[in-house]
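Inspection log for the structure reproduced underneath, given as structure tokens.
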Amino acid sequence: MSKIALAGKSGKQQGLQVCGICGNYSDYLSGITQCPRCGNDISLRKKHSLQKTWALLITAIIFIVPANAYPITYLLKNNILYPDTIFSGILSLVESDMRGIALIVFIASIVVPVLKIIALAFIACAVQFRWKLSQKKQLLIFGFVDWIGRWSILDLFVISIMVAVFDKGQILSVYPGIAATSFTIVVITTLFAANSFDTRLIWDAQRPAKKLSNQDSLNND
Amino acid sequence: MTSEIPKLSVGHVAKCIRCERVIYKNGWCNPSGLLALCITALLVTIPAFNQPLISLHLLGITEETNLLQGAIMMIEIAPIVSFVVLFCAVIAPTLLITSIAISSACITFDHKPIFLPKLFKITRLLIHWSMLEVYLVSLMVAIFKLMNYADLYIGLGFYFFVALLLLNLTIISNYSNRQYWERYHNL
């Protein structure tokens with residue numbers, strides 16, 4: 001703690017690590033694993049950040065298939081069951097002339113999850129394979145994805161409201177389908193994936209390879 | 001990039017020189033003021049979750065719906081969906097306000113309980129999961145969808161919910177986890 005961090009140099013160059021919880025920095029060369037100020041675990045980078053991001057992303061990619069293919073809600077009307085997938089729900093909104101609402105639902109439940117998976121996978125690839133791309137642009141994309149990600153939960157809230165409103169047993173009811181659970185998993189895993197990604201890796205990836213392997217060995221300690 | 005944060009005057013921010021993200025914001029962060037806001041928000045929480053958000057005339061019956069009902073009704077068919085909806089719309093916002101209230105109270109009254117660091121940590125995580133504003137937009141979408149089927153009336157709970165949302169946004173934008181840590185160490 002005695003060292004004072006200088007602006008313009010990375011923590012790694014100065015031998016300092018920043019605590020992700022309280023924001024204070026401490027020496028990492030002396031092998032400190034707990035933040036001296038708040039007592040939480042501290043490390044130079046988020047541990048196994050890229051692995052976790054990939055694992056969660058792959059889960060999301062698997063579950064996005066049933067989320068779009070299977071019915072997300074069932075409408076039970078006069079004893080007949082009408083299934084509705086995400087896409088057919090949007091189409092019926094367009095048909096009943098509610099284009100604005102259809103657009104909101106389309107963006108929140110199709111565009112955002114797909115875009116989020118593609119963008120995160122792209123950034124993770126760029127870090128993994130050390131593509132020479134603008135770091136600031138990558139961070140900008142990440143920031144946008146991180147901010148917009150929460151809005152994909154919108155459809156789930158709408159379903160919960162519909163289920164509560166249409167509750168007349170055999171005459172008129174709404175039930176959530178398999179896709180609702182799959183969609184929830186997609187939303188949650190992508191949120192966690194963005195959360196577990198350490199943005200500093202974007203800069204690490206474009207440093208000379210020697211320093212990076214050095215950092216890897218530190219991370220594994 | 002790691003750097004010491006210089007002394008900032010109120011309203012100024014410190015940015016990272018590499019990525020230009022704000023790393024420190026010296027905003028208005030007054031624990032006693034936040035405590036007052038949190039207590040108000042907690043009081044508003046009760047009617048916002050209990051009172052009907054919308055009521056609707058359907059098949060000759062007036063049906064009232066509140067925020068909790070929908071999530072709880074799905075618990076048997078789709079437990080994961082039900083849990084996530086409950087967590088993001090009810091549990092996380094309530095816990096967030098409660099934890100900010102407790103930490104503000106501790107700092108205001110110079111009290112340093114042993115659980116305070118844990119509480120700061122939890123608060124920081126909960127901010128991401130409190131999705132009241134998403135719920136409001138969902139409610140709007142649902143209202144527009146339902147207007148096709150039946151006569152719809154906005155209930156008392158809706159106004160409380162909007163008040164809760166506004167209070168929640170004010171609290172989150174003024175709360176600074178970093179400054180609370182600093183004050184904790186100065187206690």
Side-chain angles (χ1 to χ4, degrees), chain A residues 4-12 14 16-18 21-25 37-40 93 96 98 100-101 104-105 108 135-136 139 143 150-151 153-168 171-172 175-177 180-181 183-185 187-188 191 195 199-200 202-203, chain B residues 1-6 17-21 23-24 53-54 56 58-59 61 63 65-67 69-74 77-86 88-89 117 120-121 124 128-129 131 133-135 137-146 148-150 177-178 181-182 184-185:
Chain A
I4 288 185
L6 301 163
K9 272 186 168 180
S10 74
K12 210 160 59 184
Q14 299 180 66
L16 297 170
Q17 54 188 352
V18 178
I21 309 291
C22 72
N24 284 297
Y25 55 81
R37 290 194 73 174
C38 69
N40 286 295
L93 276 176
S96 51
M98 291 192 278
I101 300 294
I104 294 176
V105 177
Q135 294 128 324
K136 270 191 193 170
L139 190 75
R150 56 196 287 134
W151 287 92
I153 217 153
L154 186 133
D155 214 26
L156 297 174
F157 287 161
V158 174
I159 293 171
S160 86
I161 297 167
M162 289 301 178
V163 169
V165 169
F166 295 114
D167 169 35
K168 299 279 185 296
I171 308 165
L172 191 59
Y175 300 107
T181 305
F183 189 73
T184 312
I185 294 169
V187 173
I188 297 300
L191 277 174
N195 212 22
T199 46
R200 289 170 293 190
I202 298 174
W203 274 266
Chain B
M1 296 279 142
T2 310
S3 75
E4 182 71 24
I5 286 155
I17 48 171
R18 188 164 67 177
C19 69
E20 287 169 14
R21 260 200 188 178
I23 48 172
Y24 187 85
L53 284 174
I54 44 175
L56 132 134
L58 197 72
L59 308 171
I61 314 161
E63 178 89 17
T65 310
N66 70 31
L67 211 156
Q69 266 174 0
I72 291 168
M73 277 167 60
M74 290 193 292
I77 317 167
I80 298 174
V81 186
S82 164
F83 175 74
V84 169
V85 170
L86 262 186
C88 295
F120 287 165
K121 195 178 166 185
R124 200 171 161 277
H128 295 285
W129 294 99
M131 301 189 185
E133 72 279 19
V134 184
Y135 196 89
V137 177
S138 313
L139 193 64
M140 293 301 188
V141 170
I143 287 173
F144 275 101
K145 271 184 164 181
L146 290 169
N148 272 7
Y149 294 90
N177 201 255
R178 193 73 186 265
W181 275 111
E182 275 167 17
Y184 171 76
H185 290 293

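Keep in mind that what you see is a predicted model, and the values were worked out from it rather than measured. A, B, ... follow the sequence lines: proteins, then strands. Residue 1 opens every chain.
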- Can you tell which of A/I101, A/V165, A/T181 has the highest number of heavy-atom pairs within less than 4.5 Å of chain B?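 Of A/I101, A/V165, A/T181, A/V165 has the most heavy-atom pairs under 4.5 Å with chain B.
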- Task: Give the member of A/I104, A/I153, A/L93, A/L156 that has the highest number of heavy-atom pairs under 4.5 Å with chain B.
- Result: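 Max contact count across the listed options: A/I153.
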- Message: Is A/I202 in contact with chain B via its backbone, its side chain, both, or neither, using a 4.5 Å heavy-atom distance?
- Response: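 Contact with chain B is absent: no heavy atom of A/I202 under 4.5 Å.
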- Query: Which bit of A/T184 is near chain B, if near means a heavy-atom gap under 4.5 Å: side chain, backbone, both or neither?
  - Reply: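 Only the side chain of A/T184 comes within 4.5 Å of chain B.
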- Query: Are A/I159 and B/M74 side-chain neighbours, meaning at least one heavy-atom pair lies under 4.5 Å?
  - Reply: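 Counting from C-beta outward, A/I159 and B/M74 do come under 4.5 Å.
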- Is there a side-chain contact between A/M162 and B/L146 (heavy atoms, below 4.5 Å)?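 In contact.
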Spacing of [atom1] belonging to [X] relative to [atom2] belonging to [Y], to within rounding of 0.5 Å:
X	Y	atom1	atom2	value
B/M140	A/L154	CE	CG	12.0 Å
B/W129	A/L191	CH2	CG	4.5 Å
B/I54	A/I161	CD1	CD1	6.0 Å
A/F166	B/M73	CZ	CE	11.5 Å
B/R18	A/Q135	CZ	CD	7.5 Å

Which answer fits [X], side chain, backbone, both or neither, if we ask what part of it has an atom under 4.5 Å from a heavy atom of chain A?
X	answer
B/I72	neither
B/I77	side chain
B/Y135	both

- Task: For B/K145 and A/V158, run side-chain contact (heavy atoms from CB on, under 4.5 Å): C-alpha distance rounded to whole Å, both residues' side-chain angles, the deciding distance at 0.1 Å, then the answer.
- Result: CA-CA 10 Å; B/K145 271 184 164 181; A/V158 174; 4.0 Å; yes
- Message: Run A/V187 and B/V84 through side-chain contact (heavy atoms from CB on, under 4.5 Å) and show every step you take.
- Response: CA-CA 10 Å; A/V187 173; B/V84 169; over 6 Å; no
